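Presented below is the structure to which this report refers.
As the structure is a prediction and not an experimental result, all values here were calculated from the model.
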Amino acid sequence: MSLMPPKRCHEGPGKQGFEQNLIDCKIYFKLRYNGTDCALMTLKPEGENNWDFSNAFAENYKCEFGFHLPDRDIIKLPVGTTVSGPAITMDGNSAILIQQFSASLIASSTVVITIGDGHKGQVTTEMDLAMLAVFGSRFMLIAEQMGRTLQKTAIGANIKERLDFS
């Protein structure tokens with residue numbers, strides 16, 4: 001397992017004037033059960049050579065959800081992993097749909113998606129009805145959330161009571 005050694009983790013804050021004894025380096029992995037969409041940050045177990053996250057993850061999962069799934073594999077997507085579509089990759093802030101005949105490369109802070117064989121196709125005005133429905137639903141959800149936020153924070157009667165957002 002090639003991770004940044006703790007000594008290197010101390011260099012940056014040390015250069016900024018922090019005392020070495022005040023710097024604490026902890027290693028976390030973002031793990032999830034196969035077939036689930038919720039990943040949990042799991043702290044590396046005690047011991048320099050102990051890289052078995054499975055018990056710690058199972059405890060975290062049971063604490064968070066009240067149960068665990070012992071018959072499922074635990075998944076970690078390391079940097080450099082290529083995921084072929086159709087699939088969904090998720091992190092704490094977003095979900096990315098990787099369509100069929102596409103692939104994504106998990107990088108350190110980005111996801112690079114290649115559609116098809118990587119060659120650019122011709123752009124047309126044809127409508128994909130499935131994608132139209134997906135995006136229409138997403139935009140409607142965003143508008144509804146904006147309306148709820150306006151309603152909760154409004155002072156005037158037009159918005160707060162009549163729900164007139166015009």
Taking every heavy atom of Phe57 against every heavy atom of Leu40, the minimum-distance pair comes out as CE1-CB, 4.1 Å
Please check if Leu141 and Phe135 belong to a single hydrophobic cluster, counting links between Ile, Leu, Val, Met, Phe, Trp and Tyr side chain heavy atoms closer than 4.5 Å.
no
Do other residues, nucleotides or ligands put more than 12 heavy atoms under 6.0 Å from the CD atom of Gln145?
yes
Find out whether Tyr61 and Leu31 are in side-chain contact, i.e. whether some heavy atom of one side chain is under 4.5 Å from a heavy atom of the other.
no
Give a yes or no on whether Phe139 and Met131 share a hydrophobic cluster (residues Ile, Leu, Val, Met, Phe, Trp, Tyr; joining criterion: side-chain heavy atoms under 4.5 Å apart).
yes
Greater than 12 external heavy atoms within 6.0 Å of Phe18's CZ:
no
About how many Å separate CG of Asn60 and NZ of Lys62, when rounded to the nearest 0.5 Å?
13.0 Å
First locate atom CG of Asp73, then atom OH of Tyr33, and finally report the distance between them rounded to the nearest 0.5 Å.
10.5 Å
Please report the closest heavy-atom contact between Pro45 and Asp52, naming both atoms and the distance.
CG-O, 3.2 Å
Give, for atom CG of Asn55 and atom CD1 of Ile74, the distance between the pair rounded to the nearest 0.5 Å.
8.5 Å
